[in-house]
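Take a look at the structure below.
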Amino acid sequence: MSESFSYEDVIDGVKSAIKQAQTVLPKDVVQALEKAEKSESEDVAKSHLQAILKNVSIAKEKSIPMCQDTGIFIFKVEIGRNIVLPFNLEEALREALRQATLEIPLRPNAVHPITRHNSNDNTGVGLPDIKYSFIDEDELRVTVVPKGAGSENMSVLKMMNPTEVNSIDDFILESVFNAGGKPCPPVIVGVGVGGSFDKSAILAKTSLLRDVQDMDEEELHLLRRINSLGIGPMGMGGDTTALAVHINKAHCHTASLPVAINIQCWANRHSTVVFRRGSQWNII
Amino acid sequence: MEHHLKTPLYRDDILDLKCGDVVYLSGTILTARDEAHARMLEYNEKVEKLPFSLDGAVIYHCGPLMKQIENGWEVVAAGPTTSARMISMTPSLLDLYDVHVLIGKGGMDGLSASFEGRCIYLAYTGGCAALAARAIKKVKTFHWPDLGMAEGVWELEVENFGPLIVGMDAIENDLFSNIKEKAKGLIG
């Protein structure tokens, strides 16, 4: 078990993943947007989808953030059980974010919740939000997830009664309706069902990392119901209100039924960097 | 219908624009979001003069991403922010200042009556910050830098900024509310 990557390697790799997430929209999302643009029947909706696709290609070509809201940061860190980390990983992640803020650049979005004082480097107490887990693979993976406030602010969590199982779909539909054009539709609706108060929210958020096309019958059915509302891109009418519905589930207490909905704008940004022995890092 | 408009814009310039029309703007626009709105209202209460003119001004709900360069600032990304956060402050703003055009995303629920005969709302595609930056030719001034990059007021020179879609016109039409009303019927 030898050390094969350093504190500096982690900084470089994570910075690169941050840049990738900000400037290049994942292929599956681009394809879903292209499909929506082709099939859209309303002029206003088509114009919005064309603007989005044009924006995505300018951002990629010029290597600049696709949205001025470069978000706050969630780092999903997966640690191979044989990996040795003889340095402060959390400090490396924070430093990568500080440097990325200046170099990419990113908008400084992290403020104290009460004084609203801006840290100016996107870090702060509890920010970035780092979630650790262990994996069998002999590698360290860091998935960078910038989350903008426009869509995040439209998210909801409800502690339902266990007998309300049949109302979950209606709750999801109502939440998308209430959000209207505010979260920058077409959205991806991330849902967490079960677990606990906090777990359901994490399930909802991590469901957004699934491939956009990866939906089962239940999810496709809900997607059709949402799109039949006609809210459309930016809430100005059209066939595409959502690109996907992803529902992740977990067992919960017999007296509980938490349901969390994390709405994601069309810019479903994320990127993963993998650190392996013998090589420095790769963006996957 | 497509309109190409130049700022400043006064009441008579906007009365004929209807929901669904497409607008391209050239001239000067001012960014303002939560904190800037609060301060603009506060200034008037104190009867102080603003450091910028709102006479015929176009207000863009936007917190841009800027980069400091040798001789000033460069726009990196500048898409619209959620206008709904400014709903409670907007009627007072329209009463106090000669502003007739707002740009943002998501609409401004419940403001149709306040807009009647004097203001329109133009929707820019949310998240299209790289595209928007291309139409911004110059950063003229940065007012209230103490509010920070996102919350301060940026005076920007734009050329053919758009497409902007009239989402709320001056004759009480609100495209966002119409769409929601239809959707409401489908939810049951």
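Keep in mind the model is a prediction, meaning the values are calculated, not measured. Numbered from 1 within each chain, the chains take letters A, B, ... in sequence-line order.
Ion pairing between B:D95 and B:R118 holds under the 4.0 Å rule for side-chain N and carboxylate O.
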- Item | Step-by-step side-chain contact (heavy atoms from CB on, under 4.5 Å) determination, B:D34 to B:M86 | CA-CA 6 Å; B:D34 312 56; B:M86 272 62 78; 3.8 Å; yes

- Derivation of the side-chain contact (heavy atoms from CB on, under 4.5 Å) call for B:V139 and B:E74: CA-CA 7 Å; B:V139 179; B:E74 186 185 275; over 6 Å; no

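Listed options A:G230, A:A267, A:C67, A:G181 were ranked by heavy-atom pairs under 4.5 angstrom with chain B; first place goes to A:C67. Between chain B and the options A:L106, A:N118, A:D170, A:T70, the largest number of non-hydrogen pairs under 4.5 Å is found for A:L106. Options A:G232, A:C265, A:G237 differ in how many heavy-atom pairs under 4.5 Å they form with chain B, and the most are formed by A:G237.
B:K182 NZ: 12 or fewer foreign heavy atoms inside a 6.0 Å radius. Within 6.0 Å of CG on A:D43 lie no more than 12 heavy atoms contributed by other residues, nucleotides or ligands.
Rounding to the nearest 0.5 Å gives a distance of 9.0 Å between NZ of A:K147 and CD1 of A:I72.
Of the atoms belonging to B:P163, it is side-chain heavy atoms, and not backbone ones, that fall under 4.5 Å from chain A. Of the two parts of B:K105, only the side chain, counted from C-beta on, holds a non-hydrogen atom closer than 4.5 Å to a non-hydrogen atom of chain A.
With A:F177 as the aromatic partner, B:K180 meets the cation-pi criteria of under 6.0 angstrom to the ring centre and within 45 degrees of the ring axis.
Interface residues of residues 46-57 of chain A toward chain B, defined by a heavy-atom distance below 4.5 Å and sorted by number: A:S47, A:H48, A:A51, A:I52, A:K54, A:N55.
Separation of the B:W154 and B:F52 ring centroids does not fall under the 6.0 Å cut-off.
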